[in-house]
Every structure is written in C-alpha cells, then in structure tokens.
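Notes follow once the structure below has been shown.
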2 protein chains.
Amino acid sequence: MPLDQILLGDSIQMMAGLPAGSVDLVFADPPYNLQLGGELKRPDESLVDAVDDDWDRFDSFATYDAFTRAWLLAARRALKPNGTLFVIGSYHNIFRVGAMMQDLGFWILNDIVWRKANPMPNFRGRRFTNAHETLIWAARSADAKYTFNYEALKAGNEDVQVRSDWLFPLCTGQERLKDGAGKKLHPTQKPEALLARVLLSATKPGDVVLDPFFGSGTTGAVARRLRRSFIGIEREEAYAQAARARIDAVEPLPEDALIAPPSAREAPRVAFSVLVERGLVTPGAELTDAKGRFRAVVRADGTLSLAGGQNVGSIHRVGALAQGAEACNGWTFWHVEEEGRRHPIDVLRARLRAEMGIAAE
Amino acid sequence: MPLDQILLGDSIQMMAGLPAGSVDLVFADPPYNLQLGGELKRPDESLVDAVDDDWDRFDSFATYDAFTRAWLLAARRALKPNGTLFVIGSYHNIFRVGAMMQDLGFWILNDIVWRKANPMPNFRGRRFTNAHETLIWAARSADAKYTFNYEALKAGNEDVQVRSDWLFPLCTGQERLKDGAGKKLHPTQKPEALLARVLLSATKPGDVVLDPFFGSGTTGAVARRLRRSFIGIEREEAYAQAARARIDAVEPLPEDALIAPPSAREAPRVAFSVLVERGLVTPGAELTDAKGRFRAVVRADGTLSLAGGQNVGSIHRVGALAQGAEACNGWTFWHVEEEGRRHPIDVLRARLRAEMGIAAE
DNA sequence: GCGTAGTATGAATCGGCCA
DNA sequence: TTGGCCGATTCATACTACG
C-alpha cells in the first residue's frame, strides 16, 4: 500500500495496481469539460477527436461514459466493503456520473450542493449565475455499514443536523497555488474547507483516502492535516511535484484535536441488570415515566414489573406496554426519584459508565 | 390547442396528441422512483407519511429509464424550437433524467437547487438532512434562442443576478390542498413561489406552458395568476377535479404587475465549525471563559473538549458542562486570546459574517 | 384578542447484534 | 439467512387549545 504517496500515471491503471478492498474513502474530482475534445482521453489513453455533428456528439458522450465507467469500477474495486465514495462535478458531467454510479451498484446516500459564496457572474446575462457544484456521496452497496460522524458534525453546527447544502468560498488568495509566473497553477483547485468537511464527515483518523484525480493535492494536504492517510494519483508531473511540496509543508493537527467524541451509538453497552447489581438501583424501587402517570417496580434480575398488571419484561418492553406503543427506549422513558426530583434512568447509566471508565484506566 | 385545460389521461399519449412545436415551456415533475424500504418513524414514535403511491413504483432502473425517455421525447416534440424544459427531481432520479436529456439532444442551461427552508430532518441521524431538490433547465437544442428575463429577474433581486440556488419553504399551511378529511390531497404538491420563479424566468405573458404531470395543478394556478396559458395532463381524476377548482378560483394579476418580487433574505446562521474550517480559530487552540477559570480545547470538527475531563461537545454544551448549568451561550461564554487580550468568540463570528457579506442569502 | 404551550407534519432510498 | 430484541434518533412551521 503506497500510503501518503502520489502515484504518477493514469488513474485507472494505477488504481488497478492497488490491493482490492483497501481504501476507506474515495474522493474524485474527475475531468468534465466535454467541449474540449483534446482534454478528454479514452480509457486506453487515445485522444478523442474534437467533433461537432450529432453523431459525433453522441460519440463524445459515449466516450465520456466509458471513461466514467472504467474509473468508477476501479475505484469500487479499491474500496473496502464499508467504504464510501464522493464525486464532485457540475451539470456538464454530474448526471452521467450519478446514473453510472447507480448502474454499477453504488448506493447514493446524499447529493450535496457546494454553494459558492463568491461565484463568477454570468457575464452574458443569458442564464442564472452558476453558483454551485454538486457532490454525490455513495456507499459501495445498499447494505454497507458506512462511517458517518453524525454527532460530531451536529455538535460543530450549533447542535443542528448538517444539511445537504454547504456554503464555502472559492479557493482564492494565499490558499491558491501559483506557478513561477504568479498564475494559478491548477484550473480547478478545490478549497481545503470543502475537503475538510468531507473527511470529517465520512472518515476516522488513520483511515485511507484515495484521490484518483489528485491535481494540486488538496485532498492530500487536508488528509495530512487531519491525520488521515492518502493515496493520490496524478498524470501530470508538474501538478504532482507541486502537490508533494504543498503536502510536505502541512503540519498535522494535534491528535487530541481529532479523536472523535464518544457517540451514544458506540458507547459500551450497559445492561439495566448491571445497575441493579452495582446498587445504583435497588430491587423493589419504583420507576415512573416523566409525568408520573405510569409506574413499575424494579426486580432483582433487572426486569420491571408494571404496576396494576402482571406484565414483566425489560425496561424497553414494559415501557412500550405501558404506553401501548410498539417500541420504547426504556432508558429515557423510565425515571427514578432522587431528593424530590425525577431523573431518567439514563442518568444512572451515565454515572456507571463514568465510574467504569475511570476504573478501566 | 386545448389551452387552459386539464387533459385526463396518460402523459405520453396525450402529449402525442398535441400539435408538434406548439409549446413555449414544459414544466415536468415526474415520479421520483424513491425506492423506499419499510416504515420510518420519528423519534416520538409517530409514523412518517411516505410517498408509496402506485405511480412511483418501477421494477428497475431500466423500466424507469424507458419511461423517462418516452415522456422526454414526447415533450421535445411538443416544444417550439426555442422553447425550454424544466424538470424537478431528487437524487433518486435526477441523474438518470439529466443524462437522458443530454442523450436526446437537450442543451442544459442550468441546474438549479431548490433549498428547502424547512425540510424534514433525518430522523435516524445516518445521513445529511436531505434539504434540497434539483431542477434542470434545458433548451431544445444548443443553438436555440430561448427566453430568459434577465433584467426583470435582476431588478427583482436587489439588482444582483439570480443565482442557481433558490431558497423557498415547503408547500404547507393554507396553500396546501386538503381532501374532505383534512389530509393533504396530493403527496408532492410544490410551492407556488417555486413555479412563479420558473415562469417569470423563462416565459412571457401569453406563452403556453405544458405540465405533463399536473397533479394538484400548481403550474396551472401560477400560470393563470401570471397570465400565461397552460395545458395540464393528469391521470387521476380526483387530482384533476381539485386542480380545476383551484385554478378557477385564481384571480389573474393586473397586467402591469408582472415583475418578480424580491426574494426574502435570511440572516445566516454561522456554525462554530465554519470558523474552524475558515481558519479564524485553529484546532488545538485554547478557549477560556471571561475570567480564565475554565479552559477548553478546540477540535478540528468544531467541537470543544473541556480541560481536565473527557467531555466533548458543542461550544454551548461544553460551556454549560463547565459551569454545571443547564444551558449556555457558547458564543459569549468562550473567549480567545489575541495580542494579550481576551475576546468572546462571537467577535470572530462577526468578523466572518462581514467577510461573507452578501453571499449568505 | 393576545400570548403560550402543545401537537402535527413535510418526495425519506434513515440499524446492529446475537442466537 | 432470518428473527428477535436492544435502544438510538428530529427541524421548521403552522395550527389548535387554553387561559
């Protein structure tokens, strides 16, 4: 595995050389300018002739589709079963890419809109200002258990879920790489903030990120800063050299600035019976719901028995029965009274987890 | 030409019965092919009323593609040479529709994002909130001389060009048609504001607008109000009848009042993570309260980690935890030191808002 | 009539683990 | 592979009920 390296060569060929099922995330910013035939090559590296009649236009789409299919298949092979793929594009190419992804079995999780804070105006006044680009986020298959750092994203967003429309400025100023003459080095350099949002959303520290159209190396620079590994593939040596220098200058963030906060989903399971065993709840104690309308008694084995009936079962089952609901989270439904105030029993579980955490150290 | 009428029947067949080259604009809201799984419940156990109608069920992508190809061809035939087409969809279908449009020779002018002001949340926390839908605007061919009311749109938008991302609320409240039992009549009724923006952008008064998936008749109602003619095609008689009554109740606007209203502006909510992404705060930096008694470290994802513990969360939650309070405004509680002086992080937010300026919408 | 609290709802591809 | 059970999860708006 060529970790933290830039591979010089054709994307499809180089991806074929990687071990199958080895990559956690693919970020792809493929070429999309269908008008410039000279920029577009077939999978076999042959040049597509510039064309202008109907049949040739069809030929152009077909060629682009073949190219898209080939690199998507190679990326799919390189991905771990639970890995995900981001592709960015504009209306010129994104519809073809998205349809091909569906055809190949990728499972779309979101389409995401990068709203440009400072887009280029439409000078001719013949269309709406083209003020966004589209990202497609997809899992390798419909049943994949993909990474999504939901809690961390929400906590960093005023405690509200992050939406599918993201606002970022273009990559300009100091961040924009320049060549020797002071001109922009790469025509489509993406802002680091956009890549940071992508990597923080769908990877963990240490994960491997593959970028088959590496360009000026934004993916690598952000990966290094966020302590992810990267594999970059770039055909043009000038871009690869500039990217290498750029990435080497990046200082990784301190590790403790990156460890994901413990999420409720990943927290170690604590059974209600353990609370009883440890004495945080006494057998025979009475639990109520938040408003005191339903009551249940704690039994020594960690089950509950519903007051006024002979129903016995788990905190969840009995909570559901009490309400006549199909399901219920007993941890938040049932409350215990301490010093005249009602707390959800989840508070007791948190207390026990804290104790256990300290003991484990 | 059946002007200002609702044709009862199949879209493709009825479009075939229209004169070729007779329509100025097609607005199409085809089935999205949602492919929903089982039931989805909100955290409060209430059931989400999903779109599970027969008309949205397709066996396979191939079936959906064949359907899409057929109606697009019929619409293309009905369009005048200089007419344009709007299609609305979600990530489930829009990529297939867009690719097919390109294959059939349509020339895409813009893709447009309808940003929903009040989208339904992602209840399970497994994806980004699906907060937008996509419209594709295309001319019949690349050399068409299409209608685009650039000056009027700009004048109605505080004299700046209208962007490709539009912000509108969902169709709810009084505007939403109800059946006899007070339930929503149609599962996917679109807001009139969205259709008004479409018609004001790409048609002149008196133009003919064809909607082959008429549903509750939003296109017809807005067309009548804006003094455009419409042709609606709808398969279900109940929808057609309700649409007829709805449209008959519309009073056309005075002829001299047909300029687009200015779009509502929204104070941008700036998340703390954006300050980190933009580099106004560095991951690893230390924040304190005003008196320096509590300390916390900034993490790369925009969360804080409280010094002396493993508590991690939003600036607000961690501020509350530090004080043992129930709630806390992190923006005013946490301070950053610059040149020997402490400022609330709200000062940084104000700085960023000033930079972002107009773009936030 | 006004303010507040509570309820309803919107195009949704919305688990994981173990037996 | 399947079934059962644990237990995690929501934002903006509009409307109704009530004092």
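Here is the naming used below: chain letters follow the sequence lines, and residue numbers restart at 1 for every chain.
- Residue B:R126 places at least one side-chain N or O under 4.0 Å from the OP1 or OP2 atom of C:dG15.
- Side-chain contact between B:I136 and A:F95 is present, with at least one heavy-atom pair separated by less than 4.5 Å.
- Considering only side-chain N and O atoms, B:Q174 lies under 4.0 angstrom from the phosphate OP1 or OP2 of D:dC15.
- Annotation: cation-pi pair B:R115/B:W166 absent, no NZ/CZ under 6.0 Å from the ring centroid and within 45° of its normal.
- Annotation: side chain of B:E133 is in contact with side chain of B:K190 (closest heavy-atom distance under 4.5 Å).
- Distances were taken from every side-chain heavy atom of B:Q35 (C-beta onward) to each of C:dT13, D:dG7, C:dC14; the shortest belongs to C:dT13.
- When ring centroids are compared, B:F128 and A:W137 come within the 6.0 Å threshold.
- Per the geometry, CZ belonging to A:F148 stands 15 Å off C1' belonging to D:dA8, to the nearest Å.
- Judged by Watson-Crick or G-U wobble contacts below 3.5 Å, the nucleotide D:dG7 has no partner.
- For B:K116 and D:dA12, the shortest distance from a side-chain N or O to OP1 or OP2 is not below 4.0 Å.
- Put simply, A:Y150 has a side-chain N or O that comes within less than 4.0 Å of OP1 or OP2 on D:dT10.
- Atom CG of B:L167 is separated from atom P of D:dA12 by 12 Å (rounded to the nearest Å).
- Between B:R127 and C:dG15 there is no side-chain polar atom (N or O) within less than 4.0 angstrom of OP1 or OP2.
- Dashed line: the shortest gap from a side-chain N or O of B:R42 to OP1 or OP2 of D:dA8 is not under 4.0 Å.
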